[in-house]
Amino acid sequence: MRRDFLREALGERTMESREGLTHLLMRLLSNPQLAPSHRGPLDTLLRAPAASDPGQHPETTEEVSDSEEEQQEGAAATAAPGPPPEQHRHPLVPPEQHRHPLVPPEHHRPPLVPPEHHRHSRLSNTQLALSHRSQLDTLLRQGILWDPLAPPEHHRHPPVPPGPQADPGALQSSSHSSATQSATLQGVTLSEPVAEAPADPLEATAQQMAAECVPAPALPPAALPCPPAEPKDEEGEGESCPICFEPWTTSGDHRLAALRCGHLFGYTCIDRWLRGEGSKCPQCNKKSKRTDIVLLYARKIRAVDNTEQETLKRSLEQEHALRRKAELECAQCRLNLQVSNEECSKLRKELQNLRKMKAQFGLSSSQSQSSSLHSNGHYVYSTGVMVSQAGGCRVMAFCEPLGCVLASQPSAHSSLVPGFGVKKISTATMKACQYIPMHIKPIRGLAFSRQQDSLLLSGSLDNTLKLTSLLTNTVVQTYNTGVPVWSCCWCHDNHNYVYAGLTNGSVRVYDMRDTSTHVHELLPLGTRCPVASLTYLPRAASSAFPMGGLLAGSLAGGCFWELQEGTAHQPHALPLEAGSCTDIQLEPTSRHCLVTYRPGRSNPSLRCVLMEMNRTAEACSCSPVQTFTAGGSSKMLTKNSIFKNPTKDNSMLVCAGDEASQSTMVWDAGSGALLQKLPSDLPVLDICPFQVNQGHYLASLTEKMVKIYKWE
């Protein structure tokens, strides 16, 4: 009953899918693994006449074979034995496309169905005989064929019957594509064999077809085929030796080893490689030797692809480096900007000062041009020499034998050479050339003798009076006064004597031949005020004032000490204003003196009074000739000057420093007219006229520099 039921079901299903049955038989015939003894029955089923089963479907009698020639060919194919397996390959498929069992499944090409076999699709299902149906039923039960109308989950892989292995020649000639993938053709699905070469299933089918058709026993669960395995990813690339393509091991001769370059190999392979002619890494061609082989102890090597992460890290480091570089450049630019701003502010200040000087110089130039009609000359700015950046300059003197101007200043290197000294300024180059240290405290007086010995007399607030040779730039004699010295001068009638004006108002006389102490002391006539200025007036064959002596000036007034025999001096008080005299200067040829008064209540401006020295039968006196006024400030006790006009022998010039306008005022002594106003950046402290190479110059000293003007 079960057999009849299966046959009826099979007949009904195949009637519904005649085309599928025809293609199924053609697929079996094109299989190269089909035994020759099975090809005859299958060919007979394909070519069976329609009258084989006349009682089942009479309505399909019109679909018979095309001709009797086809029936004769089908009968001949049934009677004749099948050709060898290699002759059953499709004649239209090239030999190189025949599948090989060792070729990967993805390289297999599905076999082609010859077009001439398509004409058998017109065969009716009623052409199959009952005996043929039993044979197909047996193939269905054994799993060789699948029911095209059954659900996919009911399809089974063919069982693997025990038996002998397939013939190697037949395996090599067969197509491996049909053994590794399923193909669906017109609703008919072919099963995928297992990886091992099974026994020929059609051989078992032939034996069962020879016997009675009995139901196939049910397969146990363990014998059921597994679903087709999914293709694995190619992860074994890092688990095999790149020389022998065999997996490396964790121990033994083929254990994992590496070279210095980092590439991995099996130990025996890389050792054999380096023992031979190869002295480079097989992967990167880097020079290697056997001593570079290092054994690695790892059960499994798996490299994580962190290329993108490392690239991002390098990019981040580069960005950090660029950022640090940019920050450094920004800091340098800020520093340069700050320095530039400071320099710019300094230049602005200098520009403002230059504009002021230009305006003042323009005014003085116009005044000098207007007065040049009377004086026939004026002073022109020549150069400026920086003496001390820190300031501290006070007095100045000119050495005619050496042709240099000396200005007092503090030491520029107080840590190495402390104290104060003088700086030489060459009149040939108009540049500072040398510094000579002398005293510990500031210098208040400088004077040269008229002898050609180049000895400099200096008095300082350190209670000393010193003689310095400018030829050797060393101190040759020191006198301890015991009291700070404010002024000093030479005796031009006897060059062995020098004078020192002290802060107690007295004047001491020192003999160069006696180095122990002073030889005489001139005591003040009135109050004890510091002697601010000392000037010696030599003897001259003049009826008005023939005697010589010392002219001393202090805040209390002025006194003329007439020189007698030896060191004896006779004092003569001068009729000066008490309490305001700051400086007294002499012009020895004309016997005129210039007395400077500081501003006071009765006279709010600075005054310079030109006086003429005269002598009566009883005493010496002086009378005013001309008065010159300047600004309303005088705190620095400026030393002024009176000298002959460079272009007129009978005319004199008066020069005084004006603190209010920070300039040097030049007047004509005869007319009292202001000739020039020479600007300066700081208050003028001392003025010194000198002559070099038939040129007349005027030097004005400030706290920091010396400005030199030339007469033209």
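When a residue number appears, it is its place in the shown sequence, counting from 1.
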Note to self: One pair to check against side-chain contact (heavy atoms from CB on, under 4.5 Å): Leu470 and Lys424. What are the steps and the verdict?
What the structure shows: CA-CA 9 Å; Leu470 297 184; Lys424 289 182 178 181; 4.2 Å; yes
Checklist line | Contact check, side chains of Glu577 and Arg607, non-hydrogen atoms, under 4.5 Å | finding: yes
Check: Judged by atom type as modelled, is there a donor-acceptor pair below 3.5 Å linking the side chain of Ser345 to the main-chain atoms of Glu342?
Finding: yes
Margin query: Does Asn693 have more than 12 heavy atoms from other residues, nucleotides or ligands lying within 6.0 Å of its CG?
Written below: no
Checklist line | Residue among Val609, Leu610, Val595 satisfying side-chain contact (heavy atoms from CB on, under 4.5 Å) with Pro624 | finding: Val609
Check: Do Asp583 and Thr638 have side-chain heavy atoms sitting under 4.5 Å apart?
Finding: no
Next item on the list: Flag the pair Tyr709 / Tyr379 as yes when their ring centroid distance falls below 6.0 Å, and as no otherwise.
Entry: no
Next item on the list: Ignoring hydrogens and angles, state whether a donor on the side chain of His569 or Tyr499 is under 3.5 Å from an acceptor on the partner side chain.
Entry: yes
Next item on the list: Please determine, by modelled atom types, if Glu612 and Asn614 share a side-chain donor-acceptor pair under 3.5 angstrom.
Entry: no
Note to self: Just so I know, are the side chains of Leu537 and Phe560 near enough to count as touching, which here means a heavy-atom distance under 4.5 Å?
What the structure shows: yes
Checklist line | Side chains of Lys707 and Leu678 in contact at under 4.5 Å (non-hydrogen atoms) | finding: no
Check: What pair of heavy atoms forms the shortest contact from Phe690 to Val405, and how long is it?
Finding: CE2-CG2, 4.0 Å
Item checked: Residues, nucleotides or ligands: over 12 heavy atoms within 6.0 Å of Asn336 CG -> yes
Notebook entry, point to check: How many angstroms lie between CE in Met438 and OG in Ser460, if you round to the nearest 0.5 Å?
Noted result: 10.5 Å
Check: Between Trp561 and Cys559, which heavy-atom pair has the shortest distance, and what is it?
Finding: NE1-SG, 3.6 Å
Check: So how far is it from Glu343 CD to Glu350 CD, rounded to the nearest 0.5 Å?
Finding: 10.5 Å
Checklist line | Expected output: side-chain Ser408 to main-chain Val395 donor-acceptor under 3.5 Å | finding: yes
Check: So, for Leu406 and Cys399, which heavy atoms are closest and what is the spacing to 0.1 Å?
Finding: CD1-CB, 4.1 Å
Checklist line | Contacts of Thr481 that satisfy side-chain contact (heavy atoms from CB on, under 4.5 Å) - sequence neighbours left out | finding: Asn463, Leu465, Val485, Leu502, Arg508, Tyr510
Next item on the list: Could you tell me whether the side chain of Ser641 and the main chain of Cys655 form a donor-acceptor pair under 3.5 Å?
Entry: no
Notebook entry, point to check: Ignoring hydrogens and geometry, is there a side-chain-to-backbone donor-acceptor pair from Ser487 to Val531 under 3.5 Å?
Noted result: yes
Note to self: Can you tell me how far apart OG (Ser449) and OH (Tyr536) are? Round to the nearest 0.5 Å.
What the structure shows: 13.5 Å
Check: Distance from Leu555 atom CG to Thr582 atom OG1, nearest 0.5 Å?
Finding: 7.5 Å
Next item on the list: Apply side-chain contact (heavy atoms from CB on, under 4.5 Å) to Leu675 and Trp667, showing your working.
Entry: CA-CA 5 Å; Leu675 301 181; Trp667 293 279; 5.7 Å; no
Next item on the list: Check each of Asp686, Thr596, Thr664 against Asn640 using the side chain to side chain donor-acceptor pair (under 3.5 Å) test, and report the only one that passes.
Entry: Thr596
Notebook entry, point to check: Below 4.5 Å, heavy atoms only, C-beta onward: do Tyr597 and Leu606 meet side chain to side chain?
Noted result: no
Check: Does the side chain of Ser651 come under 3.5 Å of the side chain of Asp668 through a donor N or O and an acceptor N or O?
Finding: yes
Checklist line | Short side-chain to backbone donor-acceptor contact, Lys441 and Pro484, under 3.5 Å | finding: no
Check: Less than 4.5 Å apart, any side-chain heavy atom of Arg394 and any of Leu637?
Finding: yes
Check: Does the pair His320 and Leu316 meet the rule for a side-chain contact (heavy atoms from CB on, under 4.5 Å), with working shown?
Finding: CA-CA 6 Å; His320 287 335; Leu316 183 60; 3.6 Å; yes
Check: Are side-chain heavy atoms of Leu653 and Pro646 found at a separation under 4.5 Å?
Finding: yes
Notebook entry, point to check: Does some side-chain heavy atom of Leu576 sit less than 4.5 Å from a side-chain heavy atom of Ile584?
Noted result: yes
Next item on the list: Ignoring hydrogens and angles, tell me if any N or O in the side chain of Trp490 forms a donor-acceptor pair with the backbone of Ala447 under 3.5 Å.
Entry: yes
Margin query: Centroid separation under 6.0 Å, is that true for the rings of His696 and Phe643?
Written below: no
Next item on the list: Quick one: pull up OG1 in Thr702 and CG in Leu682 and give me the separation to the nearest 0.5 Å.
Entry: 5.0 Å
Notebook entry, point to check: Between Leu563 and Arg539, does a side-chain contact (heavy atoms from CB on, under 4.5 Å) hold up when you go through it step by step?
Noted result: CA-CA 9 Å; Leu563 180 62; Arg539 294 186 179 96; 4.0 Å; yes
Next item on the list: Please check if the side chain of Glu712 supplies one atom and the backbone of Val380 the other of a donor-acceptor pair under 3.5 Å.
Entry: no
Next item on the list: Would you check if the side chain of Glu587 reaches a backbone N or O of Ser590 as a donor-acceptor pair within less than 3.5 Å?
Entry: yes
Notebook entry, point to check: Taking everything shown except Glu327 itself, do over 12 heavy atoms lie less than 6.0 Å from its CD?
Noted result: yes
Notebook entry, point to check: Can you tell me how far the NZ atom of Lys466 sits from the CG atom of Leu457, to the nearest 0.5 Å?
Noted result: 12.5 Å
Notebook entry, point to check: Is Ile440 atom CD1 crowded by more than 12 heavy atoms from other residues, nucleotides or ligands, each under 6.0 Å away?
Noted result: no
Item checked: Contact summary for Met613 and Cys622, nearest pair of heavy atoms -> SD-CB, 3.9 Å
Note to self: Please give me the minimum heavy-atom distance between Leu446 and Cys488, naming the atom from each residue.
What the structure shows: N-SG, 4.1 Å
Notebook entry, point to check: Would a distance-only check, ignoring hydrogens and angles, find a side-chain to backbone donor-acceptor pair under 3.5 Å from Thr535 to Leu551?
Noted result: no
Checklist line | Closest non-hydrogen atom pair, Cys393 against Val387 | finding: SG-CG1, 3.7 Å
Next item on the list: For the pair Lys710 (side chain) and Ser382 (backbone), establish whether a donor and an acceptor sit closer than 3.5 Å, ignoring hydrogens and angles.
Entry: no
